[in-house]
Amino acid sequence: MTSYVSLPTSLNDVPLPVELPPLVLVAFTRPDLLKKVLAAVRQQSLMPSKIIGFIDGARKAADEPLIEQCISLLEELSTLVPVHIVKRNHNLGCDQNVILGLTEVLSSHDSLIYLEDDIVPNPHFYDRMCRLLEAYRHHQQICSISAYASLPAELSPRTDTDFIVSNRVFSWGFATWADRWKELNLANQSEQYNPFGEFYKIPATSQTKRTMINQFWLEKNRQTDWVITFTLAALYHQKTHLVPTTSFTTNIGFGHPEAKTYKGKELAWVNARYDANFCPKRLPVSLELPEELRHTLNNTSLTQHLLKQGELWLNPSAFLYLARQSKNLSNVLALLKLFVIRLPLMLKRWRRGLPV
């Protein structure tokens with residue numbers, strides 16, 4: 001079907017959808033950050049049709065006043081746009097709160113636009129995301145659209161488009177459609193869902209080799225990350241994503257005392273591509289992955305990537321699987337080296353009853 005649908009080349013020529021999608025906001029215990037996000041929402045060149053806020057339940061008594069402040073801030077916005085707030089009765093955790101929230105919204109809307117309480121959009125964000133949803137509505141291979149730019153070093157700079165096709169999902173301001181989300185069915189999967197089974201079976205490219213390592217650490221530390229789960233599910237279903245070459249959202253959450261993941265100070269790469277005035281319009285002429293992102297890493301490149309990963313180890317199953325995929329003896333020996341030098345770490349974890 002999609003091959004018969006023509007591709008637009010300028011976002012300025014794409015009309016807004018007849019029914020504007022809701023803006024979904026997820027917040028918890030950071031009203032100081034949420035206040036800045038909502039201030040940016042008030043400055044949008046196109047106001048959202050409505051806002052749906054999901055507020056997770058408290059983990060402890062001290063969370064309650066912070067949660068109530070977030071609710072009050074969202075309610076204040078109702079003078080400009082309809083606001084619907086869903087406060088969870090108990091703490092679901094970030095990942096389940098998001099997955100269930102998006103599933104709930106997409107059960108009654110055909111698309112949505114998403115922000116978190118530490119992602120500040122520039123004034124063109126909502127308008128551009130609405131038009132992007134309309135531009136690629138019938139191109140089923142595109143699973144999501146992002147407003148945040150993070151490009152691999154291997155990718156040659158592009159000067160002829162404001163977007164590229166990607167194998168990674170970037171959730172720092174993104175949009176998706178109900179049919180794509182329902183196909184992935186994340187709400188009915190386990191929290192550490194990996195359709196490839198094991199981290200070392202994930203197809204590794206210049207982009208997904210990072211996802212591969214992220215999944216390793218999630219599994220070994222018994223943690224979850226809905227964005228990694230979303231990325232893997234889309235990759236398994238042979239879906240891709242549209243990401244910008246310049247960010248039109250910025251992350252302000254690094255170093256916040258309530259931060260779950262980014263507890264340290266902001267790193268140089270985080271907002272390096274952000275432009276407060278960026279209004280993207282140039283669309284790619286093809287929905288093929290760029291050549292640099294298309295090819296699977298050869299065995300030697302993947303092994304070298306694994307060797308560089310600090311305390312990463314290979315259990316016997318991982319070693320045997322990767323060794324069988326190897327085309328030459330030198331790569332098998334490199335894998336054996338990785339297995340041997342990290343063996344004490346793996347044994348230490350095994351004695352402590354931790355996943356290996």
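Starting from 1, each residue takes its place in the sequence as its number. Keep in mind that the numbers below use all heavy atoms, side chains included, and drop hydrogens, waters and symmetry copies.
Listed for the Gln309 side chain is a donor-acceptor partner under 3.5 Å among the backbone atoms of His305. Within the 3.5 Å criterion, the main-chain N or O of Thr208 finds a donor-acceptor partner in the side chain of Thr205. When atom types are taken as modelled, the side chain of Asn122 and the backbone of Phe278 share a donor-acceptor pair closer than 3.5 angstrom. For Arg294 (side chain) and Leu289 (main-chain N/O), a donor-acceptor pair under 3.5 Å exists by modelled atom type. With hydrogens and angles disregarded, no donor-acceptor distance shorter than 3.5 Å links the side chain of Thr240 to the backbone of Val165. Counting only distance, with no hydrogens or angles, the side chain of Arg128 and the backbone of Pro280 share a donor-acceptor pair below 3.5 Å. Counting only distance, with no hydrogens or angles, the side chain of Ser166 and the backbone of Arg168 share a donor-acceptor pair below 3.5 Å. Side-chain atoms of Asn221 come within 3.5 Å of backbone atoms of Trp217 as a donor-acceptor pair (strictly under, hydrogens ignored). Of the possible donor and acceptor atoms, one in the side chain of Thr79 sits under 3.5 Å from a partner among the backbone N and O of Glu76. The backbone N or O of Leu312 sits less than 3.5 Å from a side-chain atom of Arg342, completing a donor-acceptor pair.
Counting only heavy atoms from C-beta outward, the side chains of Pro22 and Ile51 never approach each other to under 4.5 Å. Residues Leu306 and Leu338 have side chains in contact (heavy-atom distance under 4.5 Å, counting atoms from C-beta outward). Here the side chains of Val14 and Pro8 are in contact, with some heavy-atom distance below 4.5 Å. Under the 4.5 Å side-chain criterion, counting only non-hydrogen atoms from C-beta, Tyr126 is in contact with Leu20. Side-chain contact between Leu287 and Gln141: present, with at least one pair of heavy atoms (C-beta onward) separated by less than 4.5 Å. Contact annotation: the side chain of Val243 never approaches that of Ser150 to less than 4.5 Å [non-hydrogen atoms, C-beta and beyond].
Distance CG/Leu242 to NE2/His139: 10.5 Å, rounded to 0.5 Å. Within the model, atoms OG of Ser10 and CG of Leu283 stand 6.5 Å from one another, a figure rounded to the nearest 0.5 Å. For the atom pair NZ (Lys308) and OG1 (Thr303), the distance works out to 11.5 Å, reported to the nearest 0.5 Å. The distance from atom OG1 of Thr231 to atom NZ of Lys239, rounded to the nearest 0.5 Å, is 15.0 Å. Atoms CG and OG, on Asp225 and Ser171 in that order, are 7.5 Å from each other to the nearest 0.5 Å. Interatomic distance, CG of Leu23 versus CZ of Phe125, reported as 6.5 Å (0.5 Å rounding).
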From CA spacing to verdict: side chain to side chain contact (heavy atoms under 4.5 Å, CB included), Arg88, Val86: CA-CA 6 Å; Arg88 303 299 189 185; Val86 179; 4.0 Å; yes

Pair Asn214-Thr211, side chain to side chain donor-acceptor pair (under 3.5 Å): steps then yes or no: CA-CA 5 Å; Asn214 288 337; Thr211 304; 5.2 Å; no

Asn188/Asn185 under side chain to side chain donor-acceptor pair (under 3.5 Å): CA gap, chis, key distance, verdict: CA-CA 6 Å; Asn188 293 315; Asn185 195 27; 2.8 Å; yes

Residues Val340, Leu343; criterion side chain to side chain contact (heavy atoms under 4.5 Å, CB included); working and verdict: CA-CA 5 Å; Val340 171; Leu343 185 59; 5.5 Å; no

Stepwise side chain to side chain donor-acceptor pair (under 3.5 Å) test for Lys50 and His109: CA-CA 12 Å; Lys50 65 178 171 181; His109 298 81; 3.0 Å; yes

Test side chain to side chain contact (heavy atoms under 4.5 Å, CB included) applied to Asn251 and Asn271, step by step: CA-CA 7 Å; Asn251 188 308; Asn271 293 309; 4.0 Å; yes

Derivation and outcome, side chain to side chain contact (heavy atoms under 4.5 Å, CB included), residues Leu302 and Leu322: CA-CA 9 Å; Leu302 176 57; Leu322 293 172; 4.2 Å; yes

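Scanning all heavy atoms of the two residues, the minimum distance from Leu7 to Ser286 falls at CD1-CA, 4.0 Å. When every heavy atom of Leu115 is checked against every heavy atom of Pro121, the shortest pair comes out as CD1-CG, 3.8 Å. Closest of all the heavy-atom pairs between Ala233 and Leu184 is O-CD2, 3.7 Å. In plain terms, the two heavy atoms of Thr29 and Leu66 that are nearest each other are O-CD1, 3.7 Å. In this structure, Val169 and Ser144 approach most closely via the heavy-atom pair CG1-OG, 4.2 Å. Considering all non-hydrogen atoms of both residues, Asp56 and Ile67 come closest at O-CD1, 3.5 Å.
Cluster annotation: Phe170 and Leu155 are assigned to the same hydrophobic cluster (Ile/Leu/Val/Met/Phe/Trp/Tyr, side-chain heavy-atom contacts under 4.5 Å, transitive). By the rule that hydrophobic residues join a cluster once side-chain heavy atoms approach within less than 4.5 Å of another member, Val37 and Phe54 end up as members of separate clusters. Hydrophobic clustering places Ile52 together with Val26 (ILVMFWY residues linked when any side-chain heavy atoms are closer than 4.5 Å, directly or through intermediates). With hydrophobic clusters built from ILVMFWY side chains whose heavy atoms lie under 4.5 angstrom apart, Leu73 does not share a cluster with Tyr114. Cluster annotation: Tyr236 and Ile228 are assigned to the same hydrophobic cluster (Ile/Leu/Val/Met/Phe/Trp/Tyr, side-chain heavy-atom contacts under 4.5 Å, transitive).
A salt bridge links Lys60 to Asp63: one of the charged nitrogens lies within less than 4.0 Å of a carboxylate oxygen. A salt bridge links Arg30 to Asp117: at least one charged side-chain nitrogen sits closer than 4.0 Å to a carboxylate oxygen. In summary, Lys87 and Glu64 engage in a salt bridge, as defined by a charged side-chain N under 4.0 Å from a carboxylate O. The pair Arg282-Asp160 does not meet the salt-bridge criterion, since no charged nitrogen lies less than 4.0 angstrom from a carboxylate oxygen. Using a cut-off of 4.0 Å between Lys/Arg side-chain N and Asp/Glu carboxylate O, Glu134 and Arg137 are scored as salt-bridged.
Ring-plane geometry between Tyr321 and Tyr200 is classed as tilted, the angle between the planes lying from 30 to 60 degrees on a 0 to 90 degree scale. Ring geometry, Trp226 versus Phe174: the interplanar angle falls from 30° to 60°, so the pair is classed tilted. In this pair, Phe254 and Trp269 present their aromatic rings perpendicular. The plane angle is above 60°, beyond the 30 to 60° band.
Proximity of the aromatic rings of Phe230 and Trp181 is defined here by a centroid distance below 6.0 angstrom, and this criterion is met. The distance between the ring centers of Trp313 and Phe216 falls below 6.0 angstrom.
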